[in-house]
Amino acid sequence: VSAYVGLPDSQSLVLVESASTAVNSIMRSFGWQAGDILLMFSLAYPMVKHTAEWLVKQYNVRVVQVPIRLSDWDSSNHDRLFMGPMKEALRDLSASGQLERLKMVVLDHMVSVPAIKEPIHELATVVKELQPSCFVLVDGAHTMGQMRQLNLSALSTDIDAYLSNGHKWLFSPKGSAFLWVKPSWVTNTFPEPTVISSGNRIITSGTTNTSLSERYAYVSSREYTAWLSMSAAIDFRESVLGGQEA
């Protein structure tokens, strides 16, 4: 899977059950403080919004939903559908003295409904220019297998985490997805899987902390067949469907 999405190795990628699992893992184990701001577009998937609501109740996080007006969409240049509202939202935060509280932005590489792409490179760059410490999470649930040459190594350096499902367009079974996290963000406690199992431990002294892959690999009752099938799905796409360029 790492090679398929353009990574030189698998050290920063883990397998998970779904995009929802990955989003919850990132958003719920992030080091939130009361008053921190989470920003997303109004077209974000309902699961993302519901997780954000939980953060509001649990940590008193402030959620900013940037409205997207589909009536403004132009098929010849749909980037402005997102860039204008994002810049306006960032200006508003800056004018109110709240920009430093912006801790995370969630983007969609491909929106679920309607099925349009966001200019994630440009959006992430705009965010980082104004708030370099903000964590940029990209929900790519629909991209693996549908978007040609999905290359995480070539993604903007301003993107901090990316996730995608296998069961949609890669043609692997339900229960197969991945989460990639920029290594510079990985600590002893972030990100954490949604289930902390017996293979996941934090050693407070020494250098034997559980690696990122070890944190996510083992849950005692997990069925691993879906994960193991992902390589067969990739082979099927190459040998039967003609590969990425077909």
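Computed from a predicted model, the values in this text were never measured in an experiment.
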_Can you confirm whether W185 sits close enough to F30 that some side-chain heavy atom of one is under 4.5 Å from a side-chain heavy atom of the other?_
yes
Looking only at the aromatic ring of each residue, does the gap between the centers of F190 and F135 stay below 6.0 angstrom?
yes
Evaluation steps, side-chain contact (heavy atoms from CB on, under 4.5 Å), between V127 and L107: CA-CA 11 Å; V127 171; L107 306 173; 6.0 Å; no
message: Counting neighbours of NZ on K168 that are heavy atoms of other residues, nucleotides or ligands and sit closer than 6.0 Å, is the number greater than 12?
response: yes
Sequence neighbours excluded, the answer for ring-ring contact (aromatic ring centres under 6.0 Å, His included) partners of W227 is Y224
Those residues at least two apart in sequence (or on a different chain) that pass salt bridge (Lys or Arg N to Asp or Glu O under 4.0 Å) with R91 are none
Using modelled atom types and a 3.5 Å cut-off, is there a donor and acceptor pairing between side-chain atoms of S211 and backbone atoms of E214? yes
Closest non-hydrogen contact found for P67 with P85 is O-CB, 3.9 Å
Taken to the nearest 0.5 Å, the spacing of I68 CD1 from S42 OG works out to 5.5 Å
Those residues at least two apart in sequence (or on a different chain) that pass side-chain contact (heavy atoms from CB on, under 4.5 Å) with V195 are V219
Value for CE (M40) from CG (D139), rounded to nearest 0.5 Å, stands at 10.5 Å
Self-check item: Hydrophobic cluster identity match, W180 and V106, side-chain contacts under 4.5 Å
Solution: no
Interatomic distance, CE@M47 vs OG1@T21, rounded to 0.5 Å, equals 8.5 Å
Sequence neighbours excluded, the answer for side-chain contact (heavy atoms from CB on, under 4.5 Å) partners of S94 is L99
The residue among V16, V138, L137 that forms side chain to side chain contact (heavy atoms under 4.5 Å, CB included) with L163 is L137
Side chain to side chain donor-acceptor pair (under 3.5 Å) pairs touching residues 124-136, sequence neighbours excluded, are T125-D158, K128-D160, Q131-S133
Test item: L212 and P191 side chains (from C-beta on) under 4.5 Å apart, heavy atoms:
yes
Residue set satisfying side-chain contact (heavy atoms from CB on, under 4.5 Å) with P119, at least two apart, ordered chain then number -> D79, F82, M83, E122, L123
Residues at least two apart in sequence or cross-chain that pass ring-ring contact (aromatic ring centres under 6.0 Å, His included) with H142, listed by chain then number, are none
For the residue pair S10 and S213, establish whether any side-chain heavy-atom pair is separated by less than 4.5 Å. no
Subject >> Heavy-atom check, side chain of Q58 versus side chain of E53, under 4.5 Å >> reply: no
message: Taking H167's backbone N and O only, do any of them form a donor-acceptor pair with N165's side chain (distance below 3.5 Å, no angle check)?
response: no
Minimal heavy-atom distance between S197 and S220, with the atoms involved, is OG-N, 4.0 Å
Requested in this report: Look only at the side chain of S2 and the backbone of L7, and say whether a donor-acceptor pair between them is shorter than 3.5 Å.
Outcome: no
Q. For the side chain of W32 and the backbone of M27, is there at least one donor-acceptor N/O pair under 3.5 Å apart?
A. yes
Using distance alone, with no hydrogens and no angle criterion, decide if Y45 and S20 have a side-chain donor and acceptor under 3.5 Å apart.
-> no
Legend entry - Note, L152 side chain near Y4 side chain (heavy atom, < 4.5 Å): no
Here the side chain to side chain donor-acceptor pair (under 3.5 Å) pairs for residues 96-113, sequence neighbours left out, are D36-R101, H109-Y162
Of all heavy-atom pairs linking S29 and E192, the shortest is OG-N, 3.2 Å
| query | Quick one: are I120 and L155 in side-chain contact, heavy atoms under 4.5 Å? | reply | yes
OG (S12) and CG (L179) are apart, to the nearest 0.5 Å, by 9.5 Å
Requested in this report: Flag yes if L39 and L130 sit in one hydrophobic cluster, no otherwise; membership is Ile, Leu, Val, Met, Phe, Trp, Tyr, and two members link when side-chain heavy atoms are under 4.5 Å apart.
Outcome: yes
Applied to residues 7-29, the ring pair (Phe, Tyr, Trp, His ring centres under 6.0 Å) test, sequence neighbours excluded, yields none
- Query: L102 and L90: side-chain contact (heavy atoms from CB on, under 4.5 Å), yes or no, with the steps?
  - Reply: CA-CA 9 Å; L102 178 62; L90 295 174; 3.7 Å; yes
Donor-acceptor check, side chain of K174 to backbone of A226, threshold 3.5 angstrom: yes or no?
no
Heavy-atom closest pair (S25 atom, Y216 atom, distance to 0.1 Å) is OG-OH, 2.5 Å
Measuring only between side-chain heavy atoms, which start at C-beta, is S176 closer than 4.5 Å to L15? no
Separation between CE (M86) and CG (L81), nearest 0.5 Å, reads 12.0 Å
| message | Could you walk me through whether S164 and W169 satisfy the side-chain contact (heavy atoms from CB on, under 4.5 Å) test, starting with their C-alpha distance in whole Å, then the side-chain angles of each, then the deciding distance to 0.1 Å, before giving a yes or no? | response | CA-CA 10 Å; S164 189; W169 302 101; over 6 Å; no
Value for OG1 (T51) from CD1 (I26), rounded to nearest 0.5 Å, stands at 12.0 Å
Contacts satisfying salt bridge (charged side-chain N to carboxylate O under 4.0 Å, His left out) that involve residues 15-28 (not counting sequence neighbours) are E17-R222
Residues at least two apart in sequence or cross-chain that pass side-chain contact (heavy atoms from CB on, under 4.5 Å) with E223, listed by chain then number, are T225
Give the C-alpha distance, both sets of side-chain angles, the deciding distance and a yes or no for side-chain contact (heavy atoms from CB on, under 4.5 Å) between V56 and R62. CA-CA 6 Å; V56 172; R62 177 187 169 194; over 6 Å; no
Same cluster for F41 and L93 if Ile/Leu/Val/Met/Phe/Trp/Tyr side chains link at under 4.5 Å?
yes
Going by chain and number, the hydrophobic cluster around I196 (ILVMFWY, side chain to side chain under 4.5 Å) further includes none
Hydrophobic cluster membership, with links at side-chain heavy-atom distances under 4.5 Å among I/L/V/M/F/W/Y: are L228 and V14 in one? no
| What about M110 and V23, same hydrophobic cluster or not, with Ile/Leu/Val/Met/Phe/Trp/Tyr joined at side-chain heavy-atom distances under 4.5 Å? | no
